[in-house]
J.: 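One structure is given below, represented as structure tokens, and several questions about it will come after.
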Amino acid sequence: MPEGHTVHRLARALDGLFGGRTLAVSSPQGRFAGGAALLDGRRVVAVEAWGKQLFCAFAPAGAKGGDGADDVRWLRVHLGLYGAWTFAGDGSADVVHAIGAPRRRIGERETTPDLPAGDALAAEAGDWAPPAPRGAVRLRLVGAHAVADLTGPTACDVVTGREKAAVEARLGPDPIRADGGRGSPEASRAAFVDRVRRSRVTVGQQLMDQAAIAGVGNIYRAEALFRAGLDPLRPGRDVPGPVLAAIWDDLVVLMRDGAATGAIVTTRPEHRVPDGVHGAGRRTRQNTDGTAGAVPADEAFYVYHRDGLPCRVCGAPVLTKELAGRNLFWCGVCQA
DNA sequence: GCTGCATGATGAG
DNA sequence: TCATCCTGCAGCA
């Protein structure tokens, strides 16, 4: 269940593994056979993320043009709730892990036992071959040294540059993008603030609206509202502009950190108490690469998945409520 | 082994 | 507001 930080992280991983390379593209599951054929044998010339949307540019193998060329075809992927990428490689690339829905990290070493003995020997000889696809793999990208398998995406299309631009035009600013997507950090922040304040829809709902701010999901929503001390049910137009601006700035920091480490951590050190003083909370899988274990998973959030447990700051029980089909978590005292 | 849930979004009514 | 799509896994028997 990726929020925007995961998708940006994924874009970097794909670029590192496949950027500049010619790929074999297929659809082992078959449901993307037509699209895969449009990309097979082409070269990756760009990988981008905007919110939860991933775009990967494929140019003809022989072409020297960049991602703006007319003959570029864009792969658009949205992971939705269940989508995930699984990577494996011959060990020559650093980035070998799974990103997306909660699933076990699959590295080169862990997939090796699944390889027939002959393939394992071939890998040792430098003649690497990808492991057989696991599960319903919609899309498989194979380079010389690595493979990426995509399962369960909500969207997986091949689009033109114009169609890509149309998708982006419907998205709000993205706190992880360097300029936020609106030309400058300031313009992006202002676009978010103005949009929220134009509507009486609750600020909790608007934070999940990808047209208002791109990349925020249920965890960042709950945590950002807590850190701002803001009631999720307050109408957007009633929230002071500076409060919304501060939420944007906070999300810039939180989400970029998440993109760097793979884990969402929103608690400040002084609010992380060992020995389960605040209760354990439900376990939430995070797609780290194993290096981001500094903060225990059950100390990472203030309110997300902590309904009924005492608030880390004031001790009042964390509240939950279904809002527009998604679970909302907040502290009724700190966020009054 | 089975069941229900999940960090999402869409289209119909 | 609801049904639907899609998949893996935690939690349970």
Side-chain angles (χ1 to χ4, degrees), chain A residues 1-10 27-32 35 49-54 76-86 97-106 110 133-140 149-157 166-168 170-172 174-176 201-202 204-226 232 251 254-255 257-259 261-266 280-288 292 297-298 300-307 320-330:
Chain A
M1 293 77 170
E3 303 199 15
H5 71 299
T6 297
V7 182
H8 280 265
R9 187 175 169 77
L10 174 64
S27 179
Q29 172 208 42
R31 292 189 47 185
F32 188 59
W50 189 318
K52 298 167 188 172
Q53 303 269 348
L54 175 83
R76 178 184 76 97
V77 171
H78 191 302
L79 292 174
L81 260 182
Y82 321 108
W85 288 88
T86 301
H97 55 255
I99 297 181
R103 62 184 304 170
R104 186 174 304 282
R105 173 178 179 233
I106 297 177
E110 296 161 73
R134 277 190 188 193
V137 174
R138 183 85 56 90
L139 165 68
R140 162 165 276 209
D149 284 340
L150 171 67
T151 57
T154 257
C156 179
D157 301 318
V167 170
E168 292 174 340
R170 292 196 302 270
L171 293 173
D174 176 350
I176 300 180
V201 173
T202 66
Q205 274 177 273
Q206 292 203 64
L207 274 175
M208 292 280 282
D209 181 353
Q210 300 302 298
I213 180 170
V216 172
N218 210 9
I219 298 179
Y220 281 122
R221 160 175 77 169
E223 298 296 304
L225 287 168
F226 179 89
L251 284 169
L254 290 177
M255 294 178 74
D257 180 68
T261 65
I264 301 177
V265 175
T266 62
R282 260 187 289 167
R283 194 182 171 83
T284 299
R285 276 193 175 272
Q286 304 235 39
N287 298 291
T288 71
D298 59 1
F301 307 139
Y302 281 108
V303 290
Y304 180 76
H305 268 355
R306 300 193 77 250
D307 42 309
T320 186
K321 164 194 175 88
E322 195 169 305
L323 179 65
R326 306 299 297 277
N327 290 320
L328 177 65
F329 305 89
W330 81 105

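Values below: every heavy atom of this structure, side chains too, minus hydrogens, waters and symmetry copies. Keep in mind the model is a prediction, meaning the values are calculated, not measured.
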J.: Measure CE/A:Met208 against C1'/B:dT10 and give the value in whole Å, please.
T.: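 Whole-Å distance recorded here is 14 Å.
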
J.: With heavy-atom distances below 4.5 Å as the criterion, would you say the side chains of A:Phe329 and A:Glu223 are in contact?
T.: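 Counting from C-beta outward, A:Phe329 and A:Glu223 never come under 4.5 Å.
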
J.: Give the rounded distance in Å between these two atoms: CG of A:Leu79 and C1' of B:dA9.
T.: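 So the two atoms are 12 Å apart, to the nearest Å.
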
J.: May I ask you to verify if any side-chain N or O of A:His78 is less than 4.0 angstrom from the OP1 or OP2 atom of B:dG8?
T.: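 Answer is no, no contact under 4.0 Å.
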
J.: What distance, rounded to whole Å, do you find between the two P atoms, one in B:dC2 and one in C:dC5?
T.: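 It comes out at 22 Å once rounded to the nearest Å.
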
J.: Let me know the distance between NE2 of A:His305 and C1' of C:dG11, rounded to the nearest Å.
T.: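 Taking NE2 of A:His305 and C1' of C:dG11, I get 13 Å after rounding.
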
J.: Considering only C:dC5, B:dA6, B:dG8, which nucleotide approaches the side chain of A:Arg31 most closely?
T.: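 The closest nucleotide is C:dC5.
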
J.: Rounded to the nearest angstrom, tell me the gap between atom CH2 in A:Trp85 and atom P in C:dT7.
T.: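 In whole Å, C:dT7 P lies 15 Å from A:Trp85 CH2.
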
J.: What does A:Gln29 touch in the nucleic acid at a heavy-atom separation under 4.0 angstrom: a base, only the sugar-phosphate, or nothing?
T.: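 A:Gln29: backbone/sugar contact only, no base atoms under 4.0 Å.
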
J.: Measure CZ/A:Arg138 against C1'/C:dG8 and give the value in whole Å, please.
T.: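 A:Arg138 atom CZ is separated from C:dG8 atom C1' by 15 Å.
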
J.: So, does A:Gln206 use its side chain to make a donor-acceptor pair with the main chain of A:Val201 at under 3.5 Å?
T.: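 Checking the backbone N and O of A:Val201 against the side chain of A:Gln206, a donor-acceptor pair under 3.5 Å is found.
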
J.: Determine the Euclidean distance between corresponding C1' atoms of B:dT10 and C:dG8; express it in Å to zero decimal places.
T.: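 After rounding to an integer number of Å, I get 22 Å for this pair.
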
J.: Write down the distance between CG (A:Leu207) and P (B:dA9), rounded to a whole number of angstrom.
T.: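 The distance from CG of A:Leu207 to P of B:dA9 comes to 13 Å, rounded to the nearest Å.
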
J.: Give a yes/no on whether any side-chain N or O of A:Asn218 is located under 4.0 angstrom from OP1 or OP2 of B:dA6.
T.: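 Looking at the OP1 and OP2 atoms of B:dA6, neither is under 4.0 Å from any side-chain N or O of A:Asn218.
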
J.: With heavy atoms under 4.0 Å as the rule, sort A:Arg221 into base, sugar-phosphate or nothing.
T.: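 Result for A:Arg221 = nothing.
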
J.: Measure the distance from CZ on A:Arg326 to P on B:dG8 and round it to the nearest whole Å.
T.: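 Spelled out: CZ on A:Arg326 to P on B:dG8 is 4 Å.
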
J.: Could you tell me the separation between the CZ atom of A:Phe329 and the C1' atom of B:dC5, rounded to a whole number of Å?
T.: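 Rounding to the nearest Å, CZ of A:Phe329 and C1' of B:dC5 are 11 Å apart.
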
J.: Report which part of the nucleic acid A:Ala324 touches: base, sugar-phosphate, or nothing (heavy-atom distance under 4.0 Å, all strands).
T.: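 Here A:Ala324 touches no strand at all.
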
J.: Can a donor-acceptor pair be found, under 3.5 Å and without considering hydrogens, that links the side chain of A:Ser27 to the backbone of A:Arg138?
T.: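 Side chain of A:Ser27 to backbone of A:Arg138, a donor-acceptor pair under 3.5 Å: yes, one is there.
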
J.: Please determine, for the side chain of A:Gln210, which listed nucleotide (B:dG8, C:dT7, B:dA9) has the closest atom?
T.: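 Closest of the options to the side chain of A:Gln210: B:dA9.
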
J.: Between the side chains of A:His305 and A:Asn327, is a donor N or O closer than 3.5 angstrom to an acceptor N or O?
T.: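 Side chains of A:His305 and A:Asn327: no pair found under 3.5 Å.
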
J.: Rounded to the nearest 0.5 Å, how far does CE of A:Met208 lie from OG1 of A:Thr202?
T.: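 So the gap between those two atoms works out to 11.0 Å.
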
